[in-house]
Amino acid sequence: MAAGTTRKISAASARAHTRKPKATAPKFGGIFKKILFVCFVGFVAWAYQATQPPPPNTCGSKNGPTVTASRIQLKDGRHLAYKEYGVPKDNAKHKIVFVHGFDSCRHDASAITAHLSPEIVESEGVYVVSFDRPGYGESDPNSKQTVKSIAYDIEELADQLGLGQRFYVVGFSLGGQIVWTCLKYIPHRLAGAALIAPAVNFWWQGIPSNLSAEAYKQQLPQDQWALRVAHYTPWLNYWWNSQKLFPGFSLIAQSPLVLSNQDIELIPRIRSIREEYQAQVRQQGEFESLHRDLAVAFGEWEFDPTGLENPFPESGVSVDLWQGEEDKIAPVELQRFIANQLPWINYHELSGAGHMFPFADGIADSVIKQLLAGNKGL
């Protein structure tokens, strides 16, 4: 019987056979990428949601505020709320459409009606109609609102109320800025116009960049940021003015930092007038009123008011611009420039006055007298 053979195994081979396999490191890279992707998608979804305003709380809708005002229905189906002052419309010799400012409503015609002399109203036959601009008070929001659209809203309001072929427009603050659009788009309907402390868009091309930049830097830092957002990224308006990380637009917060000495003195008078209707102003939502206002007023304009030609070269219609010397909201330097560029504008600068000067004694009488005096030749 053959003897068994013995196989020799080297030490290296033995070690290879007895060595424990290396533990495989868990593949965390793929999992981390998935987590990162999910977080990114979640952030994008949150950011998108944060920029989306809530639906408007439209007056007259199922859960919306009750309609209490007189309203007309425009051609596009929207409703416009209005309020009338002065002598009865059918007896009026002079019919005025008042355009309210930022964070205001139809009742804020009080800027001229609260202290307007009854003698002037009666002797001159003055009728005033004020309306809620889209999204304010009880007027329906307008998601397609533009610089031009509000002028045609005013024209349609005048037609439906039977104000005749010609009527006056008076605008205060942001409402004063809107008067520029009336001068541009419906001048043939105007008997006269008054711009009271009109807001100025810092990006109007006709204003020298150094002058605009200087006036812009005079604004509060938070207002500079709010206006940048309104101009460059209007789709962020809702988020910027509703977030709590940084201070928002001072006029929305009703900060006293933008008030002049005269404004501060007038505040008690103004509050006593507005306390009855203050809650109505924003009742349909801040986006549809305040935020959309900012986007239109300080966005890209279809025309430059500083380059407007005289729309009344032969008719003798009076256009007056009233400005307070110490206005911290509508810079006086820009108003002086605009008035200089447009010699057909009658410029009235009031020494020591701030932005709220229409509520001071005697101002309403002066504005209305001047407005009507310019129409004597018609």
Side-chain angles (χ1 to χ4, degrees), residues 50-54 56-57 65 100-108 110-111 132-137 141 145 172-178 196-203 215-299 324 326-331 354-359:
T51 62
Q52 301 305 299
N57 191 28
H100 70 75
F102 184 77
D103 199 12
S104 304
C105 69
R106 66 189 183 280
H107 297 292
D108 285 297
S110 57
D132 290 331
R133 293 195 285 109
Y136 283 105
Q145 185 172 328
F172 174 42
S173 193
L174 202 64
Q177 187 190 65
I178 289 170
I196 306 174
V200 179
N201 186 320
F202 295 95
W203 290 271
Y216 182 76
K217 290 177 181 178
Q218 293 175 11
Q219 305 300 299
L220 294 176
Q222 66 253 42
D223 291 349
Q224 294 180 33
W225 277 105
L227 296 179
R228 283 193 194 102
V229 170
H231 182 77
Y232 294 109
T233 56
W235 52 275
L236 280 177
N237 252 340
Y238 171 72
W239 174 79
W240 181 261
N241 288 293
S242 58
Q243 53 80 32
K244 306 300 181 184
L245 299 175
F246 309 101
F249 194 47
S250 62
L251 291 181
I252 293 179
Q254 299 181 340
S255 170
L257 296 176
V258 293
L259 301 178
S260 71
N261 291 333
Q262 187 202 49
D263 292 338
I264 293 173
E265 293 175 359
L266 291 171
I267 284 299
R269 174 181 292 187
I270 297 170
R271 284 179 176 166
S272 68
I273 296 172
R274 302 196 80 208
E275 60 184 359
E276 294 184 6
Y277 59 83
Q278 180 68 50
Q280 293 186 25
V281 174
R282 307 182 186 184
Q283 65 182 353
Q284 297 187 89
E286 292 191 7
F287 176 78
E288 296 297 343
S289 51
L290 309 181
H291 305 166
R292 198 181 295 283
D293 233 7
L294 289 174
V296 173
F298 296 97
E326 298 181 4
D327 194 328
K328 294 185 178 182
I329 297 173
H355 191 71
M356 309 305 291
F357 68 85
F359 290 92

> Are any of the side-chain nitrogens in Asp263 or Lys328 under 4.0 Å away from the carboxylate oxygens of its partner?
Replying inline: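 Between Lys328 and Asp263 there is no salt bridge, as every charged N stays at least 4.0 Å from the carboxylate O atoms.
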
Point-to-point distance, once rounded to the nearest 0.5 Å, from [atom1] of [X] to [atom2] of [Y]:
X      : Y      : atom1 : atom2 : value
Ser260 : Leu266 : OG    : CG    : 8.0 Å
Arg282 : Ser104 : CZ    : OG    : 10.0 Å
Leu245 : Trp240 : CG    : CH2   : 8.5 Å
Asn241 : Trp225 : CG    : CH2   : 13.5 Å

Note, [X] side chain near [Y] side chain (heavy atom, < 4.5 Å):
X      : Y      : result
Arg133 : Ile178 : yes
Tyr216 : Arg228 : yes
Leu259 : Ile267 : yes
His291 : Glu286 : yes
Gln219 : Pro331 : yes
His107 : Gln280 : yes
Asp293 : Tyr136 : yes
Gln284 : Ser289 : no

>> Suppose we call two aromatic rings close when their centres sit under 6.0 Å apart. Are Phe298 and Phe249 close by that rule?
In response: no

>> Test of understanding: with salt bridge (Lys or Arg N to Asp or Glu O under 4.0 Å), list the residues that count as partners of Glu326, not counting sequence neighbours.
In response: none

List the atom pairs, with distances to 0.1 Å, where a side-chain N or O of residues 268-275 and a protein N or O form a donor-acceptor pair under 3.5 Å, not counting sequence neighbours.
{"unit_1": "Arg269", "atom_1": "NH1", "unit_2": "Phe359", "atom_2": "O", "d": "2.7"}
{"unit_1": "Arg269", "atom_1": "NH1", "unit_2": "Asp361", "atom_2": "OD1", "d": "2.9"}
{"unit_1": "Arg269", "atom_1": "NH2", "unit_2": "Asp361", "atom_2": "OD1", "d": "3.3"}
{"unit_1": "Ser272", "atom_1": "OG", "unit_2": "Arg269", "atom_2": "O", "d": "2.6"}
{"unit_1": "Arg274", "atom_1": "NE", "unit_2": "Asp108", "atom_2": "OD1", "d": "2.9"}
{"unit_1": "Arg274", "atom_1": "NH1", "unit_2": "Gln278", "atom_2": "OE1", "d": "3.1"}
{"unit_1": "Arg274", "atom_1": "NH2", "unit_2": "Asp103", "atom_2": "O", "d": "3.1"}
{"unit_1": "Arg274", "atom_1": "NH2", "unit_2": "Asp108", "atom_2": "OD2", "d": "3.0"}

Restricting to non-hydrogen atoms, name the atom on [X] and the atom on [Y] that form the minimum distance, rounded to 0.1 Å.
X      : Y      : value
Pro358 : Ile196 : CG-CG2, 3.4 Å
His355 : Asp327 : ND1-OD2, 2.7 Å
Phe172 : Ala197 : CE1-CB, 4.2 Å
Phe357 : Gly354 : CD2-O, 3.1 Å
Gly176 : Pro198 : C-CB, 3.6 Å
Gly299 : Asn201 : O-ND2, 3.0 Å

> Should the pair His231 and Trp203 be assigned to parallel (<30°), tilted (30 to 60°) or perpendicular (>60°) ring geometry?
Replying inline: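 Answer is parallel, since the angle falls under 30°.
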
